Amino acid sequence: MITLLAIAHKKQRNAPMDLLPYAEVSLAQGVEGDVFGKPGKRQVTLLSQQQWQQACAQLQTELPWTSRRANLLLDGLEFAPELVGKYLKIGEQLVLELTGETDPCGKMERAHPGLEAALTPAWRGGCTAKVINPGKIRPQDPVQLLDSWPNRNLDL
């Protein structure tokens, strides 16, 4: 079972991440209020709780997941190359298309020494996604991994 654990956004470049009790996720803005939510392949960023814990274990420390600066934290799913092109349905309506790996950057080193390297193997840094169908989400919403989305051709 896959579950949405938490939602966050950043209002400005380099601003701290704000945790959200819920979020509207749209085709035009991604996670509402997020500075990087414009349409495209990197509209929403996702992080796996399990992969984040692996990175923290490698560093022998516990860091808040928002140090990664991702929008959504998921439990029960580990990201990998074979997931690109698949879809996540979150809650009742939101559908995201998984588009690629979120490459760790130098900001991770500023968050904690060694974090960039700890996030590099095996997609620990997370996954990027594009909004296919908008919706409102909340922590604890169920998540479904889908091979296809029947209405995809209508969203071009």
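Note that the coordinates shown come from a computational prediction; the quantities given were computed from them, not determined experimentally.
- The side-chain heavy atoms of Pro139 and Ile7, taken from C-beta on, include a pair separated by under 4.5 Å.
- Listed here is the closest heavy atom pair of Ala8 and Ala70: CB-O, 4.0 Å.
- Here the options are Leu94, Leu88, Leu98, Asn71, the test is side chain to side chain contact (heavy atoms under 4.5 Å, CB included), and the partner is Val44; only Asn71 passes.
- A donor-acceptor contact shorter than 3.5 Å links the side chain of Thr120 to the backbone of Glu116.
- Pairing each heavy atom of Leu146 with each of Lys89, the nearest pair is CD1-CB, 4.0 Å.
- When side chains are defined from C-beta on, Thr66 counts as touching Leu19, because their heavy atoms get closer than 4.5 Å.
- Looking at Ile137, Leu47, Asp141, Thr45 one by one, the single match for side chain to side chain contact (heavy atoms under 4.5 Å, CB included) with Leu72 turns out to be Ile137.
- Atom CZ of Phe36 is separated from atom CZ of Arg13 by 4.0 Å, given to the nearest 0.5 angstrom.
- When all heavy atoms of Pro113 and Leu59 are compared, the pair lying nearest together is O-CD2, 3.8 Å.
- Distance check, rounded to the nearest 0.5 Å: CG of Leu63 to CE of Met108 gives 10.0 Å.
- Under a 3.5 Å cut-off, the side chain of Glu32 and the backbone N or O of Val25 do not form any donor-acceptor pair.
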(request) Kindly indicate, with the supporting measurements, whether the criterion side-chain contact (heavy atoms from CB on, under 4.5 Å) is fulfilled by Trp52 and Ser67. (result) CA-CA 10 Å; Trp52 178 249; Ser67 301; 4.0 Å; yes
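- Both Leu115 and Trp65 are members of a single hydrophobic cluster when ILVMFWY side chains are connected at heavy-atom separations under 4.5 Å.
- Closest of all the heavy-atom pairs between Leu46 and Ala129 is CD1-CB, 3.6 Å.
- A continuous path of hydrophobic side-chain contacts links Val131 to Val84 [ILVMFWY only; heavy atoms under 4.5 Å].
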(request) Decide side-chain hydrogen bond (donor to acceptor under 3.5 Å, both in side chains) for Gln50 and Asp75; before the verdict, give the C-alpha distance in whole Å, the side-chain angles of both, and the deciding distance to 0.1 Å. (result) CA-CA 7 Å; Gln50 288 71 25; Asp75 183 37; 2.3 Å; yes
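- Hydrophobic clustering (side-chain heavy atoms under 4.5 Å, transitive across Ile, Leu, Val, Met, Phe, Trp, Tyr) groups Leu77 together with Val143.
- Between Thr128 and Thr99, the side chains place a donor N or O and an acceptor N or O closer than 3.5 Å (distance only, hydrogens not considered).
- Of the options Gln51, Gln58, Glu101, a side chain to side chain donor-acceptor pair (under 3.5 Å) to Arg124 is made by Gln58 and by none of the others.
- Taking the charged nitrogens against the carboxylate oxygens, Lys10 and Asp18 have no contact shorter than 4.0 Å, which rules out a salt bridge.
- In this structure, Leu96 CG and Ile90 CD1 are separated by 4.5 Å, a value rounded to the nearest 0.5 Å.
- Residue Val31 is not grouped with residue Tyr22 when hydrophobic side chains (ILVMFWY) are merged at heavy-atom distances under 4.5 angstrom, including chains of intermediate members.
- Going from atom NZ of Lys11 over to atom CE of Met17 covers 11.5 Å, rounded to the nearest 0.5 Å.
- Leu73 and Trp123 are assigned to two separate hydrophobic clusters, defined by single-linkage of ILVMFWY side chains at heavy-atom distances under 4.5 Å.
- Checking side-chain atoms of Glu97 against main-chain N and O of Gly85 turns up no donor-acceptor pair under 3.5 Å.
- Residue Ala28 comes nearest to Pro39 through the heavy atom pair O-CD, 3.4 Å, listed as atom of the first residue, atom of the second, then distance.
- Within a 6.0 Å sphere centred on CD of Glu82, other residues, nucleotides and ligands contribute more than 12 heavy atoms.
- Checked by atom type and distance alone, the side chain of Asn133 never pairs as donor or acceptor with a backbone atom of Val95 at under 3.5 Å.
- Side-chain atoms of Thr3 do not come within 3.5 Å of backbone N or O of Gln140 as any donor-acceptor pair.
- Side-chain contact check for Ser48 versus Leu74: every heavy-atom pair is 4.5 Å or farther apart.
- Note: Lys107 NZ to Arg68 CZ = 10.0 Å, rounded to the nearest 0.5 Å.
- The NZ atom of Lys136 lies 12.5 Å from the CD atom of Glu92; values are rounded to the nearest 0.5 Å.
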